[in-house]
Each structure stands twice: as C-alpha cells, then as structure tokens.
Amino acid sequence: TAMQIDVIDLDNRKTGSLELAEAVFGLKARPDILQRMVIWQLARRQAGTHKTKTYGEVEGSTRKIYRQKGTGRARHGAIRAPQFRGGGKAFGPVVRSHAIDLPKKVRKLALRTALSAKQAEGRLVVLEDAKLAEAKTGALSVKLRALGWSSALIIDGSQVDAHFALAARNLPRIDVLPQQGANVYDILRHDFLVLTKAAVGHLEARLK
C-alpha cells in the first residue's frame with residue numbers, strides 16, 4: 001500500500017504528487033527504537049581518546065617512603081599511590097571505543113521509524129529537486145524562509161548539487177546530506193525533513 005504526498009519546488013509551487021511506500025513511511029511510532037538508535041549513534045561518535053596515567057605509569061620510585069611501623073604515621077607504600085599529589089589516578093579514563101552493538105535489522109527499522117515519524121507529524125516534504133543556478137546563500141535563505149523551514153534536514157540523491165550545498169553551508173540549522181548519509185539522529189534533531197524525489201526512490205529501494 002502507498003500514501004500520496006504532494007511534490008513541491010523551492011518556490012513552493014506544486015509540481016505533482018508521489019506515492020510513498022507504507023513499509024518505509026507508514027510505520028507506527030516506536031520511541032524505544034529511536035532512543036536505542038540515537039544512543040548507538042552518539043556512542044560511536046565519541047572519540048574515546050581520553051587518558052590519565054595510572055599507578056604503574058606515573059614517574060617516581062616504588063620504594064616504601066618510610067618504615068611500616070613505629071613512626072606514628074599512616075601506613076604507606078610508594079609515593080606514586082593515588083592518594084598522593086603527583087600519584088597515579090585510580091580507575092582513570094583509558095583510550096577505548098565507546099561503540100555499542102545494535103543489530104543491523106534494528107538500525108534499519110529505526111531509520112524507517114524516523115521517516116514515518118516525520119510523515120505522521122506532517123513535517124515530511126518532498127522536493128522536485130534541490131538544485132540552484134548559482135551558489136548564493138542569501139537567495140537560498142530567502143526561499144527557505146518563505147517555505148517556513150528554519151530548521152531542516154535536506155536529503156538529496158546519491159550526489160548533492162554543488163551550488164545547493166555551498167549556498168546552504170553557512171545557514172544555521174539547515175543541513176544537506178546525500179541519501180547514503182540519511183541517519184536517525186539528524187532526522188530527529190531538525191524540525192523538517194525534506195527529501196528530493198531521488199532521495200525517496202533511493203531510501204525506499206534500500207529500506208523496503
């Protein structure tokens with residue numbers, strides 16, 4: 001089964017209509033799946049390059065600083081122990097990957113669910129194409145303001161139009177991606193999801 005949606009151009013003129021696949025754009029809301037996917041994406045994005053020196057790595061001798069008994073002071077071993085200034089850090093951060101596992105099927109379902117959520121909210125727009133004659137940020141800004149897109153993710157086909165990408169590059173809260181870059185986190189953090197006809201075709205072929 002399919003759903004009808006209007007196709008518009010950048011001047012907000014209707015250029016036709018398109019059938020959206022129910023299997024990709026008509027799924028029921030699943031906040032749990034979306035939450036798992038966002039956690040997965042953000043965890044993978046963490047650099048994990050943080051590091052502190054542990055007891056075994058700081059400079060200094062491991063000699064016992066004074067004898068065990070008879071001094072009236074606390075029992076201590078090496079000066080490099082964590083309780084001393086300049087000592088090693090106990091259980092400090094180490095260089096590691098923060099990535100977690102999420103099955104591929106769940107990731108695919110999450111992308112379909114995110115697309116469906118935008119469609120259900122009425123915040124999915126299909127664009128004839130995202131092309132500009134010249135790379136002018138001011139001109140594009142005027143068009144987007146007229147359309148009411150202050151925060152939008154624009155997804156094109158395999159190739160993003162160079163002029164369009166350059167014009168949009170300096171606009172706040174406007175992001176442009178090729179279809180292979182479509183991801184749940186970016187879809188959810190923008191108010192509007194704008195797909196070109198080419199993007200719809202690619203995403204449906206990939207996700208059905």
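No experiment lies behind these values; they were computed from the predicted model shown.
- Both cation-pi conditions hold for R123 and F192: the charged atom is under 6.0 angstrom from the six-membered ring centre and inside a 45 degree cone around its axis.
- In this structure, Q83 places its CD atom where more than 12 heavy-atom neighbours from other residues, nucleotides or ligands lie under 6.0 Å away.
- With hydrogens and angles ignored, the 3.5 Å screen pairs a side-chain donor or acceptor of H163 with a backbone N or O of L132.
- The 12-atom threshold is not exceeded at CZ of R169, counting heavy atoms of other residues, nucleotides or ligands nearer than 6.0 Å.
- Annotation for Q68: atom CD counts as buried by contact number, over 12 foreign heavy atoms lying within 6.0 Å.
- When atom types are taken as modelled, the side chain of R44 and the backbone of H98 share no donor-acceptor pair closer than 3.5 angstrom.
- Side-chain atoms of L195 and L127, non-hydrogen and from C-beta on, never get closer than 4.5 Å to each other.
- The only member of V194, V200, I5 that meets side chain to side chain contact (heavy atoms under 4.5 Å, CB included) when paired with L124 is I5.
- Once rounded to the nearest 0.5 Å, the distance linking CD1 of I187 with CG of L111 reads 5.0 Å.
- More than 12 non-hydrogen atoms from other residues, nucleotides or ligands lie less than 6.0 angstrom from OH of Y66.
- By the 4.5 Å heavy-atom criterion applied to side chains, Q4 and E19 are counted as neighbours.
- No side-chain heavy atom of F91 sits under 4.5 Å from any side-chain heavy atom of T54.
- Within a 6.0 Å sphere centred on NZ of K64, other residues, nucleotides and ligands contribute more than 12 heavy atoms.
- No donor-acceptor distance shorter than 3.5 angstrom exists from the side chain of R80 to the backbone of G88, with no hydrogens or angles considered.
- Using a distance-only test at 3.5 Å, with no hydrogens or angles considered, no donor-acceptor pair links the side chain of T52 to the main chain of K89.
- Judged purely by atom type and a 3.5 angstrom limit, K143 has no side-chain atom pairing as donor or acceptor with the backbone of G138.
- The neighbour count for R36 CZ, taken as heavy atoms of other residues, nucleotides or ligands under 6.0 Å away, does not exceed 12.
- Within 6.0 Å of CG in D191 there are more than 12 heavy atoms belonging to other residues, nucleotides or ligands.
- In the model, S116 has no side-chain atom that pairs as donor or acceptor with a side-chain atom of R112 under 3.5 Å.
- Under a 4.0 Å N-O distance rule, the pair K197/D129 does not qualify as a salt bridge.
- Between the side chains of Q179 and D156, no donor-acceptor pair of N or O atoms lies under 3.5 Å.
- Residues L177 and I154 fail the side-chain proximity criterion, which asks for heavy atoms closer than 4.5 Å.
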Audit row: R189, D175, salt bridge (Lys or Arg N to Asp or Glu O under 4.0 Å) steps and yes/no: CA-CA 11 Å; R189 74 188 180 87; D175 285 321; 3.1 Å; yes
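- To the nearest 0.5 Å, atom CD of residue E204 and atom CZ of residue F25 are 5.5 Å apart.
- Using a 4.0 Å cut-off between charged nitrogen and carboxylate oxygen, D6 and K14 count as a salt-bridge pair.
- Checking side-chain atoms of N183 against main-chain N and O of G181 turns up a donor-acceptor pair under 3.5 Å.
- You'll find the side chain of S61 stays beyond 4.5 Å of the side chain of I79, heavy atoms only.
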Hey, mind stepping through T71 and R67 against side chain to side chain donor-acceptor pair (under 3.5 Å) and telling me if it holds? CA-CA 7 Å; T71 63; R67 68 181 194 270; over 6 Å; no
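- Residues M3 and E22 form a side-chain contact, since some pair of their non-hydrogen atoms from C-beta on lies under 4.5 Å apart.
- A salt bridge is defined here as a Lys NZ or Arg NE, NH1 or NH2 lying under 4.0 Å from an Asp or Glu carboxylate O, and E57 with K51 meets this definition.
- With hydrogens and angles disregarded, no donor-acceptor distance shorter than 3.5 Å links the side chain of D11 to the backbone of R13.
- The CD atom of Q119 sits 11.5 Å away from the CG atom of L27 when rounded to the nearest 0.5 Å.
- At distances below 3.5 Å, at least one donor-acceptor pair connects side-chain atoms of T113 with backbone N or O atoms of L109.
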